[in-house]
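Structure, as structure tokens:
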Amino acid sequence: MNQAEVDTTQLLKGVLDLAVLAVLAEADSYGYDVVRRLRENGLDHVGDASVYGTLRRLYQAGALNSYVVPSDEGPHRKYYGLNNRGRKALDQSAQTWVSLSKALNHLLNGRSNGHGK
Amino acid sequence: MASNDQASDVATYAASVRTALADLPPDQAEVLLEDLEDHLREVAAEAGGPLAERLGPPEQYAQELRAAYGATHAGGTRQDPALRDFKLAVRSVTASAWFGQVRAFLPELRPAWWVLRAYVVVLLLLEAFSPSYNLRPIPNPFSSRGLLEIIAAAIAIVVSIRLGRQRRPLAKRGRLIAIGANVAIALIALPVFARMGTFPSIAMMESGVAGQSQPLILPNGDALTNIYPYSRDGKPLTDVLLYDQEGRPLTTSPNVGDVTTEYPLGADGQPITNAYPLRQRHLNGDPVSAPRVALPPWPAASPTASPTLSPSPSPTH
């Protein structure tokens, strides 16, 4: 990975839970599909393993339900979806994110205008 | 890439990942790796090339997986969310101040519990051995039954108190059994006590002799003077013989108020006192007429007994 990818990974670690919860809030998904949707939304460098590990952790913590959808052509797929606990976690994390990002944007305002040191 | 190669590529890659995570406790590893092969298959199907190209070496994959999962989890099996919420709720109650106060006070009630549990056990035994027995809170010492109750209760109370005062601590298993027994007695006590207060207001007939002095009292205080049976179809029935749960003829005390009753005489010359409705007259000689009744609506599930003629094909043409 180049330096940019490493940095992204570091920052992403803190918010991957939130991103995964947000993706699942839109629609139930199976693991690979979650990765795809995250990447579609601009998180290019998120690793498959990171997403899968996060999914299993969220499931283990009781924020997700899972069910298997049988399929004729391909393999059966295990879908994940948010339950009430997961929705609550998403709301709380989203609020935290909004206030954090406000604070950070404020701090960085001078910087991105090129007036920083 | 042929699908056979794909399948073996997946299998090999997965095996390497599992090996790299072999140091995890087995139940954690199981949760973490449950979907591993499924995911790898999806990636392989989409990527078209070897997995290592697309995902990096399996050891790196395993590290990333481990880091994202956070192997600092206590316990490998998923805890049911409802159970976890329940546990949290319980904890919030037990940690509260008033709960602490109640808990501190409870030991003072122990002697009372010893007496109460003995009493309940005696009641339970009575209930078990003679279910129709009229349970009264304080037994009648003048009946042999009641005397037996009192003696049994006294013995039970003494035993219970002695058990309660034992200083010798029980082994863990013994403690569990003791706690279980106490809880069981407490739980069973509730319905037993509930039963005690709700006997129908029809007085117990200690003797089966007709025409006895105690009138049957309805809940509103009136004396029961007659019974009007109806069939399911709403037809008033006559000469219906009624008996109570012990098989004794159910007799009212009809000579109450302003009615007199004619009992039919049996072939043995004895009056038949439990055939309803009774034939009664007012003091002025007028017969007592049947009251208007509100028949309940039977469920329409089964057709009534009265046969209905279905239209038959016309016999002649």
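Residue numbering restarts at 1 for every chain, and letters A, B, ... go by the order of the sequence lines.
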Open item on the list: With a sphere of 6.0 Å drawn around CH2 of A:Trp97, does it hold more than 12 non-hydrogen atoms of other residues, nucleotides or ligands?
Closed with: no
Open item on the list: When you compare the side chain of B:Arg54 with that of A:Asp48, does any pair of heavy atoms fall below 4.5 Å?
Closed with: yes
Task: B:Glu42 side, atom CD; A:Tyr30 side, atom OH - distance, nearest 0.5 Å - done: 5.0 Å
Task: CG-CG distance between B:Leu32 and A:Leu55, expressed to the nearest 0.5 angstrom - done: 11.0 Å
Task: Side-chain heavy atoms of B:Tyr69 within contact of A:Gln60, under 4.5 Å - done: yes
- [ ] List the steps, then state whether side chain to side chain contact (heavy atoms under 4.5 Å, CB included) holds for B:Glu34 with A:Lys78.
- [x] CA-CA 10 Å; B:Glu34 198 174 297; A:Lys78 179 193 273 189; 2.6 Å; yes
Task: Test item: A:Arg57 side-chain N/O and B:Ala68 main-chain N/O as donor-acceptor pair under 3.5 Å - done: yes
Task: No-hydrogen, no-angle side-chain donor-acceptor test under 3.5 Å, A:Tyr80 and B:Asp35 - done: yes
TODO: Could you pull out the closest heavy-atom pair between A:Gly47 and B:Glu64, with the gap in Å?
DONE: CA-OE2, 3.2 Å
Open item on the list: Let me confirm one number: the OG-CD distance from A:Ser50 to B:Gln63, rounded to the nearest 0.5 Å.
Closed with: 11.5 Å
Open item on the list: Is B:Leu55 close to chain A through its backbone or its side chain, or both, or neither, when contacts mean heavy atoms under 4.5 Å?
Closed with: side chain
Task: Reported OH-to-NE2 distance for the pair A:Tyr32 and B:His39, which is rounded to 0.5 angstrom - done: 11.5 Å
Open item on the list: Could you measure the distance from the CD atom of B:Gln28 to the CZ atom of A:Arg56? Nearest 0.5 Å is fine.
Closed with: 12.5 Å
